[in-house]
Amino acid sequence: MYTAKVMDHFSNPRNVGEVENANGVGEVGNASCGDIMRISLQVEDDIIKDVKFKTFGCGAAIATSSMVTEMAIGKTIDEALILTNQAVAEALDGLPPAKMHCSNLAADALHEAIKDYRKQNS
Amino acid sequence: MKKIYMDNNATTAVKPEVLEAMLPYFCEQFGNPSSVHWAGRMVGGAIEKAREQVARLFNCSAAEVIFNSCGSEGDNHAIKGTADALKHKGNHIITTSVEHPAVLETCEALEKDGFEVTYLKVDHNGMLDLAELEAAITDKTILISVMWANNETGNIFPIEEIGEIAKKHKVRFHTDAVQAAGKIAIDVRKVNVDMVVISGHKIGAPKGIGAMYLRRGTKISRFMHGGHQERNRRAGTHNVPSIVGLGAACDIALKNMDKDYAYVRHLRDKLEAGILSTISDVKLNGHPDANLRLPNTLNVSFNYIEGESLLLFFDMKGIAASSGSACTSGSLEPSHVMGAMGVDIVLAHSSTRFSLSADNTDEEIDYILQELPPIVQKLREMSPLYGR
Amino acid sequence: MKKIYMDNNATTAVKPEVLEAMLPYFCEQFGNPSSVHWAGRMVGGAIEKAREQVARLFNCSAAEVIFNSCGSEGDNHAIKGTADALKHKGNHIITTSVEHPAVLETCEALEKDGFEVTYLKVDHNGMLDLAELEAAITDKTILISVMWANNETGNIFPIEEIGEIAKKHKVRFHTDAVQAAGKIAIDVRKVNVDMVVISGHKIGAPKGIGAMYLRRGTKISRFMHGGHQERNRRAGTHNVPSIVGLGAACDIALKNMDKDYAYVRHLRDKLEAGILSTISDVKLNGHPDANLRLPNTLNVSFNYIEGESLLLFFDMKGIAASSGSACTSGSLEPSHVMGAMGVDIVLAHSSTRFSLSADNTDEEIDYILQELPPIVQKLREMSPLYGR
Ligand SMILES: Cc1ncc(COP(=O)(O)O)c(C=O)c1O
Ligand SMILES: Cc1ncc(COP(=O)(O)O)c(C=O)c1O
Ligand code: FES
Ligand code: FES
């Protein structure tokens with residue numbers, strides 16, 4: 001069902017947890033659809049220094065969360081904002097068609113966290 | 001790697017003795033039993049022997065057994081066939097909100113054709129209120145359809161009492177016994193029931209074969225039109241090898257029923273007690289009285305964790321189970337059974353079913369009880385809902 | 001004793017390679033393909049491979065193949081599913097008077113529900129008048145259902161021409177290709193057809209499995225309600241071993257089609273010529289042009305003799321064939337196909353079908369040609385109709 005990359009990120013997820021002293025937090029999804037994703041950030045000089053996730057969801061949801069944190073780290077917030085759901089799915093060598101909506105969550109959560117950072121620091 | 005199969009309510013392995021019994025009927029005794037020649041004659045007896053074996057499981061006469069292609073077909077036939085045969089009498093059907101889709105979606109299809117359907121609620125243990133059932137009967141009611149046991153929780157419904165209510169009000173009674181068959185007695189002489197549906201692949205026979213008990217004299221329209229097989233009740237060339245397999249599986253199930261009940265229940269109870277005592281925030285789904293559940297089924301919700309993730313981690317340890325999470329079904333909603341029981345939405349997504357068979361062992365239970373806690377812990381640490 | 005099987009239109013033996021392909025899926029790879037674990041994963045690929053193999057026989061895409069339980073189910077689904085899906089457009093169906101009961105009785109059932117059905121006549125060769133077919137189309141016509149080849153006579157219908165007529169009038173077109181499949185090309189890219197039904201046990205796969213080609217975009221209601229298998233079109237746990245078997249059988253049939261056509265036709269033509277030249281008062285049933293019949297089918301009436309008696313004597317010599325006599329069917333009327341062709345009633349009761357396969361041999365034909373004349377003679381001498 002899942003690619004080797006998805007299974008790798010699912011079974012050894014990177015950056016699980018909450019960033020201490022986060023200056024941006026985003027949460028998307030809801031329990032009724034079976035998925036909730038929270039991303040917390042530490043941004044310094046517009047660069048994402050640290051990012052962590054917590055996810056309630058399927059294998060694809062956890063793998064995309066893990067992947068999006070790896071992709072975001074070290075990026076400027078402008079670069080991170082143009083990171084697409086599609087790019088996350090592609091970085092995992094694709095997702096099953098029924099699971100594409102899970103990848104939507106990962107990039108969305110990241111973008112929400114960045115918006116939160118901007119709100120806090122404007 | 002270890003392979004521990006605990007998804008027997010989804011499907012079972014074919015029992016080696018069953019396959020053995022089937023094998024001569026593919027390439028050698030391959031005839032069509034309706035034919036007037038050696039090839040036909042070789043198989044007619046095999047079908048009638050299998051019919052006797054299935055009849056013994058129901059404790060009915062062989063003439064009351066109809067072979068069909070699966071549990072879904074049996075449910076479709078029983079319900080649509082009754083609706084059509086009795087539509088001059090009324091247009092009301094009573095069923096429950098926790099039936100298998102083969103019953104629920106069939107009833108929903110009939111609603112589009114002008115039938116009215118009452119979907120009985122269940123309480124938080126997944127049980128029916130029989131007074132509510134009786135009160136739902138009107139003079140338009142032509143059918144009550146209540147499953148013998150639920151596939152997700154293992155809950156056993158009071159078929160005997162429901163049969164009495166049906167009899168008192170002279171309403172036909174159908175029960176989907178796909179999960180009950182082979183695990184507990186489904187004796188149609190002890191309970192008042194008109195139609196009972198079973199499926200081969202839940203009891204060690206192959207996929208693609210099923211049977212229905214149809215009480216003598218019960219008028220039902222055909223579901224499958226065509227040839228006059230099965231006394232004109234089910235068209236289509238007889239699936240001889242699978243019919244033979246279903247007969248053999250019923251025979252074995254009946255012989256081993258008491259022994260298997262005790263053994264499987266011992267394993268299940270051990271798993272249940274182990275999980276509930278070693279892992280926090282676990283909720284049992286189904287009736288707390290183990291006597292009111294099938295001996296092989298355990299359904300628990302590991303709070304804060306989505307079911308598919310859990311299954312994938314189980315799978316990495318060789319453990320095969322199933323979940324009521326929406327993510328495993330491809331739909332957007334979690335299990336309708338959990339929903340009907342009023343299980344909180346997160347717990348519904350977390351629901352996990354272990355369904356055992358007599359092939360499981362004590363060692364396997366020990367292994368699961370050892371592997372489970374760290375998996376649950378790991379996933380909880382990833383969960384935004386945990387420790388809030 | 002010799003055993004010569006010439007009843008392949010009734011059912012075929014499972015091919016050893018087909019059984020071989022199926023065997024791992026009973027006891028070892030037994031999972032439910034819908035499951036999220038090793039047992040489910042082991043079989044999902046097998047189903048999709050089989051779907052590709054079946055798709056190649058139809059020359060369609062894999063997504064256009066629906067697995068079901070038999071030819072009868074396919075015909076029921078195609079016709080009832082269309083009637084329900086298109087009832088807002090019209091209530092008229094066109095079929096022929098020589099269809100298999102799976103089509104005829106399904107249409108008759110729909111007549112009870114308010115549909116109107118035109119049963120096209122056939123001529124004494126068993127062929128249709130296409131002008132009559134076209135003239136029967138009204139603005140209420142929602143379906144044309146004409147079999148690709150007839151099971152009794154082997155007659156091949158002009159599916160390409162009928163497809164053009166259907167297209168011109170924008171009417172959906174279903175064909176029962178249960179007998180055509182594996183014997184002649186059933187290429188849905190060459191002919192305009194929306195639904196094509198096949199059955200495993202006529203082509204060396206087991207009984208109890210079938211498939212339907214459903215052209216992309218064709219709206220059809222469900223026949224079997226329940227789980228969401230087969231893209232929501234056919235409920236019921238996938239019959240994995242039989243699906244694998246059907247795939248393998250389609251693969252073999254496609255590879256051997258030309259070779260088998262030539263070989264089987266040679267045998268059949270030899271049997272046909274032999275019978276017609278050595279026995280008097282024999283009538284060929286079906287089209288006299290052998291190109292317009294399936295290569296394997298020979299239907300002849302041995303005048304003055306009732307079919308069942310003939311089959312019993314054949315059987316004593318190990319020869320398995322079938323008959324259109326009422327006495328073999330348990331009904332009171334002889335074959336409706338013979339009736340529709342205007343075959344005299346005595347000749348209808350005398351009609352005898354030899355349906356060959358590539359497993360038959362020249363020696364078997366020689367043996368039949370040697371055994372037949374004395375049997376026919378013996379029975380004729382018993383007949384009050386003979387020599388009057
Ligand atoms: C032309 C035709 N259609 C349909 C069927 C029904 O197929 P099945 O026996 O698989 O239901 C048959 C054979 O019995 C047939 O010959
Ligand atoms: C309670 C119940 N009814 C009906 C069915 C349908 O059976 P089948 O898969 O044989 O169509 C199942 C299993 O899938 C079941 O668990
Ligand atoms: S979280 Fe439910 S499908 Fe991915
Ligand atoms: S003559 Fe005996 S059944 Fe026809």
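All values derive from a computational prediction rather than experimental measurement.
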> At a heavy-atom separation under 4.5 Å, does C/Ile243 approach chain B through its side chain, its backbone, both, or neither?
Replying inline: neither
> About how many Å separate OG of C/Ser221 and NZ of B/Lys112, when rounded to the nearest 0.5 Å?
Replying inline: 8.0 Å
> Using a cut-off of under 4.5 Å for heavy-atom pairs, which of C/Lys3, C/Glu99, C/Met22, C/His238 has the most such pairs with chain B?
Replying inline: C/Lys3
>> I need the residue from B/Thr11, B/Leu23, B/Leu19, B/Asn76 with the largest number of non-hydrogen atom pairs under 4.5 Å to chain C.
In response: B/Asn76
>> Given heavy-atom pairs under 4.5 angstrom as the criterion, report whether the side chain, backbone, both or neither of B/Leu310 touches chain C.
In response: neither
> So which of B/Asn239, B/Leu104, B/Val103 has the biggest tally of heavy-atom pairs under 4.5 Å with chain C?
Replying inline: B/Asn239
>> If I measure from the heavy atoms of chain C, does B/His228 come under 4.5 Å with its side chain, its backbone, both, or neither?
In response: side chain
> Do you know which two heavy atoms are closest between C/His225 and B/Ser72, and how far apart they sit?
Replying inline: O-CB, 4.4 Å
> Which residue out of C/Ile209, C/Leu311, C/Thr237 racks up the most heavy-atom pairs below 4.5 Å with chain B?
Replying inline: C/Thr237
>> Please determine whether the number of non-hydrogen atoms from other residues, nucleotides or ligands lying under 6.0 Å from atom CD of B/Glu333 exceeds 12.
In response: no
> By a 4.5 Å heavy-atom criterion (distance strictly below it), what part of B/Met316 contacts chain C: side chain, backbone, both, or neither?
Replying inline: neither
> Say you draw a straight line from NZ of B/Lys80 to CZ of C/Phe223; how long is it, rounded to the nearest 0.5 Å?
Replying inline: 6.5 Å
>> What part of C/Leu110 gets within 4.5 angstrom of chain B, counting heavy atoms only: side chain, backbone, both, or neither?
In response: neither
>> Working to the nearest 0.5 angstrom, can you tell me the gap between C/Met224 CE and B/Thr106 OG1?
In response: 9.5 Å
> Contact part of B/Cys27 toward chain C, heavy-atom cut-off under 4.5 Å: side chain, backbone, both or neither?
Replying inline: both
>> Below 4.5 Å, heavy-atom pairs only: which of B/Glu308, B/His201, B/Glu108 has the largest tally toward chain C?
In response: B/His201
>> So for C/Thr12, is it side chain, backbone, both, or neither that comes closer than 4.5 Å to the heavy atoms of chain B?
In response: backbone
>> Would you compute the distance between atom NZ of C/Lys207 and atom OG of B/Ser69 and round it to the nearest 0.5 angstrom?
In response: 16.0 Å
Distance-only check: which donor-acceptor pairs under 3.5 Å involve side-chain atoms of residues 29-42 of chain B, not counting sequence neighbours?
| unit_1 | atom_1 | unit_2 | atom_2 | d |
| --- | --- | --- | --- | --- |
| B/Asn32 | OD1 | B/Ser34 | N | 3.1 |
| B/Asn32 | OD1 | B/Ser34 | OG | 3.3 |
| B/Ser35 | OG | B/Asn32 | O | 3.1 |
| B/His37 | ND1 | B/Ala39 | N | 3.2 |
| B/His37 | ND1 | B/Gly40 | N | 3.3 |
| B/His37 | NE2 | C/Asp7 | OD2 | 2.7 |
| B/Trp38 | NE1 | C/Gly318 | O | 2.9 |
| B/Arg41 | NH1 | C/Asp315 | OD2 | 2.7 |
| B/Arg41 | NH2 | C/Asp315 | OD2 | 2.7 |

> More than 12 heavy atoms of other residues, nucleotides or ligands under 6.0 Å from CD of B/Glu20: is that the case?
Replying inline: no
